[in-house]
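Below is one structure, written out as structure tokens; comments come after it.
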Amino acid sequence: MASVILERSRKKRLEQGHPWVYASEVASVDGDPQPGGLVDVLNHQGRYLGTGYYNPASQIRVRILARNPLAAMDTAFFAGRLESCLRHRQRFLPGADAYRLVYGEADFLPGLIIDRFGEVLVVQLLTLGMDKCRDQIVQALVEVVAPRGIYERSDVSVRELEGLEQRTGVLYGECPRRITVSENGLKVIVDIEEGQKTGYFFDQRENRASIAPLIQGWGGRSGITLQEVAAEDGTVQTLPVNKSGKPVTFPYWDGATVLECFAHTGSFTLHACKYGAKKVTCLDVSAHAIESAKANVELNGFSDRVEFVVDDAFAFLRNQVKGLEERSERATGKMDAKPGAKPASKTDTAKPMTAGGGRTWDVVILDPPAFAKTKSAVAGACRGYKDINLHGMKLVNEGGYLVTASCSYHMQPQLFLDTIAEAAKDAGKVLRLIEWRAAGKDHPQILGVDEGHYLKFAIFEVRSK
């Protein structure tokens with residue numbers, strides 16, 4: 001087998017468990033390795049470090065598959081790795097019919113993503129090494145999982161960095177476009193052909209469930225209390241009663257009002273409704289996404305409590321804040337004076353409001369797509385995260401909750417927190433961090449491989465200064 005010999009002065013990342021060898025770390029190549037084929041990786045002294053697949057066209061020259069000599073990436077090799085992946089999911093997600101079965105490097109199969117949707121598997125082959133093993137991967141999946149169908153969603157731009165074209169299509173069996181699966185007791189329709197990525201984002205499963213404590217306990221703000229009420233037959237019942245002394249019949253009287261931005265399939269909306277939300281606003285810029293969310297809401301019987309909005313989240317949040325500020329100005333009768341400006345002038349309340357917003361919610365959820373896909377995009381991403389979080393927290397009712405996430409790896413955890421802190425300062429808010437989470441159990445993380453630690457998820461209580 002051909003060998004790749006590493007530079008003497010390189011960082012010892014491989015020895016610490018990292019699976020990538022960059023082109024700049026390669027001192028020489030011994031033999032004639034085939035693109036996508038296996039090579040042994042040696043340090044400058046000739047000591048064996050691992051075996052991986054090689055791509056001379058990629059900046060990641062070698063991706064390590066094994067720390068012991070490996071003869072071939074054949075069906076037996078993939079079957080063994082897939083059995084290990086399956087055992088992990090069965091242990092930590094017992095009874096689940098939908099999850100990420102293979103998570104690339106973290107499952108010791110770099111460049112391979114496999115999501116399970118019931119009896120159908122969706123595969124992404126991100127690298128040349130995995131692309132050349134398409135048939136072996138399919139055979140191993142049939143052997144280990146016995147799916148009804150296998151569909152490929154290798155329509156991602158990262159393949160172009162490997163010298164590969166994007167491709168999609170059925171690899172095995174029958175693959176219906178839409179599949180209904182379950183998550184945390186909810187039904188979700190997944191579009192494996194047109195949905196984002198592989199059709200659904202499993203990494204937030206546990207995070208979506210974590211909003212349960214936020215959704216109830218809001219009736220008191222409306223003056224509703226539980227009281228003993230005598231019925232006509234003389235029996236006494238404990239019922240919710242409003243300020244006028246009348247019993248409240250609406251079953252979700254104690255639920256929160258919730259805004260979910262960047263809704264995609266409406267997954268947080270579904271969970272909010274399940275946990276007892278009074279009313280949920282489900283927003284996404286994509287009409288296709290909102291149609292998917294509508295179908296999921298209808299499937300779970302929540303249509304009476306959800307309103308759908310097709311709009312840009314940035315514009316929507318700003319408009320709501322603008323309306324809120326304009327209403328405040330009208331209530332006080334004068335425009336707020338900025339530092340150094342002339343004394344505040346009176347507001348002409350006879351004029352119609354220019355902003356159409358002004359709504360607030362008990363819980364605001366922000367789960368945007370990645371704003372920083374490269375290191376050079378971090379500065380712009382910070383502005384984007386600050387913008388949505390600043391406006392989002394302004395729309396949270398006093399003592400309510402901001403649920404916010406970032407799936408940008410380059411947006412490091414401390415930078416994300418610092419950005420939110422800056423937003424809170426500018427918004428005049430005090431935030432209490434209630435929960436801090438990462439991706440779920442089907443997205444394990446290898447210590448030392450920072451690239452896998454991409455998801456940040458936080459719940460903040462929002463108070464005014």
Side-chain angles (χ1 to χ4, degrees), residues 85-86 88-103 113-122 124 145 147-149 151 153 175-216 258 260-277 280 282 284 288-303 305-306 308 363 365-369 403 405 407 435 437-444 454-455 457 459:
C85 293
L86 190 58
H88 174 84
R89 276 70 186 177
Q90 290 172 339
R91 178 184 296 275
F92 290 102
L93 300 169
D97 68 343
Y99 46 76
R100 175 146 293 182
L101 175 61
V102 177
Y103 180 40
I113 300 293
I114 303 176
D115 282 346
R116 181 172 193 169
F117 300 102
E119 296 181 321
V120 175
L121 303 175
V122 179
Q124 281 189 332
V145 185
R148 174 185 173 189
Y151 192 83
R153 280 294 303 272
C175 299
R177 174 175 172 176
R178 292 179 176 84
I179 305 166
T180 300
V181 297
S182 60
E183 177 183 276
N184 299 325
L186 293 159
K187 296 178 181 179
V188 182
I189 302 170
V190 178
D191 184 344
I192 65 171
E193 293 184 14
E194 297 295 333
Q196 294 183 37
K197 302 288 186 176
T198 62
Y200 193 67
F201 298 107
F202 288 120
D203 53 1
Q204 294 269 36
R205 176 193 293 101
E206 289 87 341
N207 299 341
R208 288 188 273 262
S210 75
I211 70 170
L214 316 181
I215 304 302
Q216 298 228 7
V258 180
E260 181 192 7
C261 295
F262 310 99
H264 190 218
T265 53
S267 52
F268 277 101
T269 291
L270 296 178
H271 284 75
C273 288
K274 176 187 176 182
Y275 301 136
V280 182
C282 180
D284 199 284
H288 176 270
I290 288 298
E291 287 304 313
S292 297
K294 280 183 180 178
N296 285 324
V297 166
E298 290 171 5
L299 180 64
N300 288 275
F302 300 145
S303 298
R305 287 183 283 150
V306 181
F308 299 94
V363 180
I365 301 171
L366 306 174
D367 184 22
V403 180
C407 60
E435 192 147 11
R437 307 174 64 92
K441 294 181 178 65
D442 53 353
H443 288 66
Y454 69 98
L455 182 62
F457 176 89
I459 297 175

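Sequential numbering from 1 along the given sequence is applied to the chain's residues. Please read all numbers here as calculations on a predicted model, not as lab measurements. Scope of the values below: all heavy atoms of this structure, side chains included, with no hydrogens, waters or symmetry mates.
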In a table with atom names and distances, give each donor-acceptor pair under 3.5 Å that connects a side chain of residues 294-303 to protein atoms at least two apart or in another chain.
| unit_1 | atom_1 | unit_2 | atom_2 | d |
| --- | --- | --- | --- | --- |
| N296 | OD1 | I189 | N | 2.5 |
| N296 | ND2 | T265 | O | 3.0 |
| N296 | ND2 | S292 | O | 3.3 |
| N300 | OD1 | K187 | N | 3.0 |
| N300 | ND2 | K187 | O | 2.7 |
| N300 | ND2 | N296 | O | 2.8 |

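- Taking all atoms of both residues into account, the shortest heavy-atom contact from A263 to C282 is CB-SG, 3.4 Å.
- Across V181 and G118, no two heavy atoms sit closer than the pair CG1-N, 3.8 Å.
- In this structure Q124 satisfies the side chain to side chain contact (heavy atoms under 4.5 Å, CB included) test together with I113, L126, R153, V156, T198, sequence neighbours excluded.
- In this structure D284 satisfies the side chain to side chain donor-acceptor pair (under 3.5 Å) test with no other residue, sequence neighbours excluded.
- Put simply, the side chain of V122 does not reach to within 4.5 Å of the side chain of I114, judged on heavy atoms.
- For A277, the side chain to side chain contact (heavy atoms under 4.5 Å, CB included) partners two or more places apart in sequence, or in a different chain, are I215, V258, A272, V280.
- Residues satisfying the side chain to side chain contact (heavy atoms under 4.5 Å, CB included) criterion with A209, sequence neighbours excluded, are N184, Y275.
- Applying the 6.0 Å contact sphere to CD of Q216 captures more than 12 heavy atoms from other residues, nucleotides or ligands.
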Exercise for the section: Tell me, with the steps shown, if E206 and L93 meet side-chain contact (heavy atoms from CB on, under 4.5 Å). Expected result: CA-CA 11 Å; E206 289 87 341; L93 300 169; 4.1 Å; yes
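- T180 meets the side chain to side chain donor-acceptor pair (under 3.5 Å) test with no other residue; sequence neighbours excluded.
- Rounded to the nearest 0.5 Å, atoms NE2 (H264) and CD1 (I290) are 10.5 Å apart.
- Salt bridge annotation for D442-R89: absent, with no cationic side-chain nitrogen under 4.0 angstrom from a carboxylate oxygen.
- Residues passing the side chain to side chain contact (heavy atoms under 4.5 Å, CB included) test with Q90, sequence neighbours excluded: L86.
- Heavy-atom neighbours of K274 NZ from other residues, nucleotides or ligands within 6.0 Å: above the threshold of 12.
- Residues forming a ring pair (Phe, Tyr, Trp, His ring centres under 6.0 Å) with F117 (at least two apart in sequence, or on another chain): F202.
- A distance-only check finds no donor-acceptor pair linking the side chain of R205 to the backbone of E183 [under 3.5 Å].
- The ring pair (Phe, Tyr, Trp, His ring centres under 6.0 Å) check on Y99 picks up nothing, with sequence neighbours excluded.
- Partners of Y103 under the ring pair (Phe, Tyr, Trp, His ring centres under 6.0 Å) rule, at least two apart in sequence or in another chain, are H443.
- Under the rule for a side chain to side chain donor-acceptor pair (under 3.5 Å), the partners of R437 that lie at least two apart in sequence or sit in another chain are N207, E435.
- Annotation: ring pair (Phe, Tyr, Trp, His ring centres under 6.0 Å) contacts of H271 (sequence neighbours excluded): none.
- Closest approach of C407 to P369, counting heavy atoms only: SG-C, 3.8 Å.
- Of the charged side-chain nitrogens involved, none lies within less than 4.0 Å of a carboxylate oxygen, so that R100 and D203 do not count as a salt-bridged pair.
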Exercise for the section: Go through the steps for C261 and D367 under the test side-chain contact (heavy atoms from CB on, under 4.5 Å), then give the verdict. Expected result: CA-CA 7 Å; C261 295; D367 184 22; over 6 Å; no
